[in-house]
2 protein chains.
Amino acid sequence: MRFETSTIKDIAKALGLSTSTVSRALRDRYEISEETKKLVLAYAEKVNYRANPIARSLKERRSYSIGIIVSEIANNFFSQVINGIESIAYDRGYHVIISQTHESYKQEKLNVEHLASRSIDGLLIALSSETQDINYLRELYAKGLPIVFFDRVPEDFATHKVIANNFKGAFDATEHLILSGKRTVAHLTNSENLSITRERLKGYKAALAKYHIEFKPELVKYCQHCGMHSEELEQAVKELLPYKPDGIFISSDRLTTGCIMALKKTNPEIAHKIAIAGFTNSNLVELFSPSLTSVKQPAFEMGQVATELLISMIEAKRPVTEFETKILDTELVRMQKILGNRFL
Amino acid sequence: MRFETSTIKDIAKALGLSTSTVSRALRDRYEISEETKKLVLAYAEKVNYRANPIARSLKERRSYSIGIIVSEIANNFFSQVINGIESIAYDRGYHVIISQTHESYKQEKLNVEHLASRSIDGLLIALSSETQDINYLRELYAKGLPIVFFDRVPEDFATHKVIANNFKGAFDATEHLILSGKRTVAHLTNSENLSITRERLKGYKAALAKYHIEFKPELVKYCQHCGMHSEELEQAVKELLPYKPDGIFISSDRLTTGCIMALKKTNPEIAHKIAIAGFTNSNLVELFSPSLTSVKQPAFEMGQVATELLISMIEAKRPVTEFETKILDTELVRMQKILGNRFL
DNA sequence: AAAAACTGTGCAAACGTTCCCAAAAACGTT
DNA sequence: AACGTTTTTGGGAACGTTTGCACAGTTTTT
């Protein structure tokens with residue numbers, strides 16, 4: 001059961017021209033008479049000709065497709081990034097292939113290699129929380145695959161990167177908690193492997209320092225699985241409670257929602273007494289109970305910027321050697337501004 | 001800047017064989033001596049040979065890719081369906097290309113045609129709420145493109161379909177509201193174009209009938225944009241309130257969350273007095289305030305089943321003429337079971 | 001009026017596969 | 001040793017494009 005369309009050959013035959021002439025007319029390049037061009041275009045329109053992208057790809061040795069690696073599409077931050085990526089990619093004639101790691105290094109490597117073997121023209125990637133060894137990416141990069149990192153980026157990889165201002169976002173959230181009177185502000189965060197974890201920790205520390213609050217390591221809990229394993233998260237929350245935090249700054253989308261759930265499940269009586277400020281791009285945050293202050297990342301824009309950088313690398317005539325790290329500002333959405341808190 | 005790999009030709013040259021022999025050894029088909037095969041495989045392994053999928057696609061006239069059309073990936077129901085699709089597709093050697101309609105017919109048509117021109121081997125689609133004319137799909141189908149519908153399906157299109165038991169889900173949710181003492185149960189739903197809207201309305205009516213409650217058309221409100229336009233949704237909620245509903249059965253994920261938001265925004269004083277039961281696959285439902293009873297669809301499984309059906313069509317030797325409509329059961333997750341309601 | 005330059009077109013190769021067909025090699029039978 | 005049969009291999013076309021090169025026809029230059 002196959003699906004047939006007309007080809008350049010069919011058009012050439014029907015019009016008594018050569019395939020090269022037809023190709024030229026269609027691509028609108030090289031010298032060709034206005035007349036023939038019109039003739040060809042009219043006929044192509046009539047038979048609803050669609051160039052076969054596979055043949056084109058084979059000839060041009062590129063696929064006009066971009067690979068995307070994220071941990072989870074069922075995560076608002078990443079789905080917004082993907083929307084940003086698509087908005088640029090489709091305009092520029094690329095389509096995207098999305099792969100999920102579910103925070104597994106093994107899965108990430110498998111997916112990247114699968115995409116590379118599918119001859120993608122470039123890769124946009126946010127590393128999984130497990131990832132420590134990125135040599136497989138270096139190899140692909142060395143072979144000529146353009147790569148742009150976003151959100152979770154490695155430190156020592158010379159290519160374009162796009163991140164949020166994690167330091168400032170963390171600082172703002174922590175400061176907000178302090179300014180609303182909290183003195184024991186804990187920090188719940190992701191795997192130490194991740195760049196975002198380190199940067200956000202710095203922001204947290206800086207805010208404490210500004211208000212002369214001592215930094216206590218025992219108030220910082222890491223979740224290796226980024227909230228994918230609820231037991232791990234519950235354990236972390238449980239370990240935090242004996243220190244009686246009155247505020248928690250949480251470092252990621254999934255941890256933020258997961259932590260509120262864990263609190264409600266294990267310690268409902270204190271859940272609404274602890275103020276929470278966390279990174280999250282969930283658009284449902286207004287419905288949450290207990291409510292929280294959220295740090296929103298410019299996810300859509302991050303996707304756009306990363307895609308523009310990637311396409312510039314793909315289409316560069318000569319190897320790119322100057323790389324940028326773009327840092328986008330986060331936005332603090334304060335609890336007070338969120339509707340519905342009167343219910344608490 | 002291009003990215004090079006070894007080809008069958010390189011292997012043939014290096015080993016002093018012909019490309020046909022190498023191809024045969026690699027594909028493990030046709031007669032070939034054990035010895036040569038081993039030799040070729042060992043060498044291929046050594047140089048890390050990866051068949052060029054584009055060349056293969058051109059030759060075999062298929063791309064090993066499946067197109068997916070959904071309204072929004074930032075919707076838990078759809079992202080779970082996509083996970084189900086991927087779980088099967090990757091196992092069977094296909095990759096997937098995801099497109100979003102954002103509930104626009106124009107966008108849907110554009111995306112489908114773009115995918116078709118990218119030579120996908122088959123299409124999995126949940127129609128947009130605006131879609132009324134599916135002739136463009138009929139044309140593609142007639143040309144030989146296998147199509148399987150899921151969730152939002154057309155009535156008069158002879159192909160495989162996979163849906164949830166919308167009637168029963170709606171019945172259960174409405175019955176639940178009635179059994180918890182509600183007597184004025186309104187119904188907030190999607191565009192009338194959608195199959196799911198009609199089926200869920202029937203379930204709602206059946207539950208009312210069972211308990212001898214009169215059906216009142218004014219208690220049913222349709223949202224053409226499925227909650228994508230918050231003004232429309234707010235307007236619908238506003239129009240419902242004068243009838244003093246004590247319960248609302250809501251027909252979709254986005255409407256459910258949107259309605260709670262609208263209630264909290266416009267009528268906070270009554271928001272928590274109205275019981276809500278709605279279709280939603282959000283995993284954050286436990287955090288919501290006011291809380292709600294939810295009808296969960298087996299989204300992951302729906303994706304799996306749809307993909308299996310699609311691949312069976314793609315790989316069928318002869319045109320398929322017997323079609324199935326698979327109906328999967330929903331699950332009612334009652335408010336009482338949800339943690340955290342003690343906060344209300 | 002011849003030479004030079006330009007314009008429009010066609011031929012054919014190439015991209016990396018798969019697979020039909022034929023040729024060659026290996027083996028068995030008389 | 002000659003033949004037939006089977007197994008293994010190679011040649012080459014095809015998938016649908018793009019594009020360098022050559023060539024014919026036209027226009028411009030000298």
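Predicted, not measured: the structure shown is a model, and the values here were computed from it. Proteins come first, then strands; the chains are lettered A, B, ... in the order of their sequence lines, and each starts at number 1.
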(request) Decide whether a cation-pi geometry holds between B/Arg62 and B/Tyr64; the criteria are a distance under 6.0 Å from NZ or CZ to the six-membered ring centre and an angle within 45° of the ring axis. (result) yes
(request) Measure from CG on B/Leu17 to P on D/dG11 and round the result to the nearest Å. (result) 11 Å
(message) Check this one for me: any side-chain N or O of A/Lys59 less than 4.0 Å away from OP1 or OP2 of C/dG16?
(response) no
(message) Starting the side chain at C-beta, find the nucleotide from D/dG10, D/dG16, D/dT18 nearest to B/Ser18.
(response) D/dG10
(message) Counting only Watson-Crick pairs (N1-N3 plus N6-O4 or O6-N4) and G-U wobbles (N1-O2, O6-N3), all under 3.5 Å, who is the partner of C/dA12?
(response) D/dT19
(message) Checking contacts here: which listed nucleotide (D/dG16, C/dT9, C/dG16) is nearest the side-chain heavy atoms of A/Ser33?
(response) C/dT9
(message) For a quick check of understanding: with a heavy-atom distance under 4.0 Å over all strands, which category does A/Ile54 fall into, base, sugar-phosphate or nothing?
(response) nothing
(request) List for me each residue that meets side chain to side chain donor-acceptor pair (under 3.5 Å) alongside A/Thr159, sequence neighbours excluded, and say none if there are none. (result) none
(request) Go through C/dT18, D/dG16, C/dG10 for me and flag the one nearest to the B/Leu58 side chain. (result) D/dG16
(message) If you take any heavy atom closer than 4.0 Å to DNA chain C, which residues from residues 35-49 of chain B end up in contact?
(response) B/Tyr49
(request) Assess whether one donor atom and one acceptor atom, taken from the side chain of A/Ser20 and the base of C/dC11, lie less than 3.5 Å apart. (result) yes
(request) Can you figure out which of C/dC15, C/dT9, D/dG10 approaches the side chain of A/Arg61 most closely? (result) C/dC15
(message) Rounded to whole Å, please give me the gap between NZ in A/Lys13 and P in D/dT17.
(response) 13 Å
(request) Give the rounded distance in Å between these two atoms: CZ of B/Arg118 and P of D/dG16. (result) 18 Å
(message) Expressed as a whole number of angstroms, how long is the span from B/Ile11:CD1 to D/dT9:P?
(response) 16 Å
(request) Mind running side-chain contact (heavy atoms from CB on, under 4.5 Å) on A/Ile66 and A/Ile311 for me, showing each step along the way? (result) CA-CA 9 Å; A/Ile66 290 175; A/Ile311 294 180; 4.1 Å; yes
(message) Whole angstroms only, please: what is the CZ-P distance between A/Arg27 and D/dT19?
(response) 8 Å
(request) Would you sort out whether B/Arg152 and B/Glu103 count as a salt bridge (charged side-chain N to carboxylate O under 4.0 Å, His left out), showing the intermediate values? (result) CA-CA 12 Å; B/Arg152 294 128 165 244; B/Glu103 304 291 7; 2.9 Å; yes
(request) Output yes when at least one side-chain N/O atom of A/Arg24 is less than 4.0 Å from OP1 or OP2 of D/dT18, else no. (result) no
(message) Between B/Thr7 and C/dG16, is there a contact of a side-chain N or O with OP1 or OP2 at under 4.0 Å?
(response) no
(message) Would A/Phe300 and A/Ser87 count as a side-chain contact (heavy atoms from CB on, under 4.5 Å) here? Give the steps.
(response) CA-CA 9 Å; A/Phe300 189 87; A/Ser87 74; 3.7 Å; yes
(message) How many whole angstroms separate atom CG of A/Leu26 from atom P of C/dT9?
(response) 14 Å
(request) Using heavy atoms to find the nearest nucleotide of DNA chain D for B/Ala55 and B/Thr19 separately, return the residue whose nucleotide is more 5′. (result) B/Thr19
(message) Between C1' on D/dT18 and OH on A/Tyr64, what's the gap in Å once rounded to a whole number?
(response) 11 Å
(message) It should be established whether A/Ser23 places a side-chain nitrogen or oxygen under 4.0 Å from OP1 or OP2 of nucleotide D/dT18.
(response) yes
(request) Check B/Leu310, B/Leu124, B/Ile163 against B/Phe150 for a side chain to side chain contact (heavy atoms under 4.5 Å, CB included) and give me the one that passes. (result) B/Leu124
(message) Donor-acceptor pair, distance only, cut-off 3.5 Å: does the side chain of A/Thr307 make one with the backbone of A/Gly303?
(response) yes
(request) Any chance you could lay out the salt bridge (charged side-chain N to carboxylate O under 4.0 Å, His left out) test for B/Glu35 and B/Lys38, step after step, and finish with the verdict? (result) CA-CA 5 Å; B/Glu35 224 177 332; B/Lys38 277 200 186 125; over 6 Å; no
(request) Give the rounded distance in Å between these two atoms: CD1 of B/Ile32 and C1' of D/dT6. (result) 16 Å
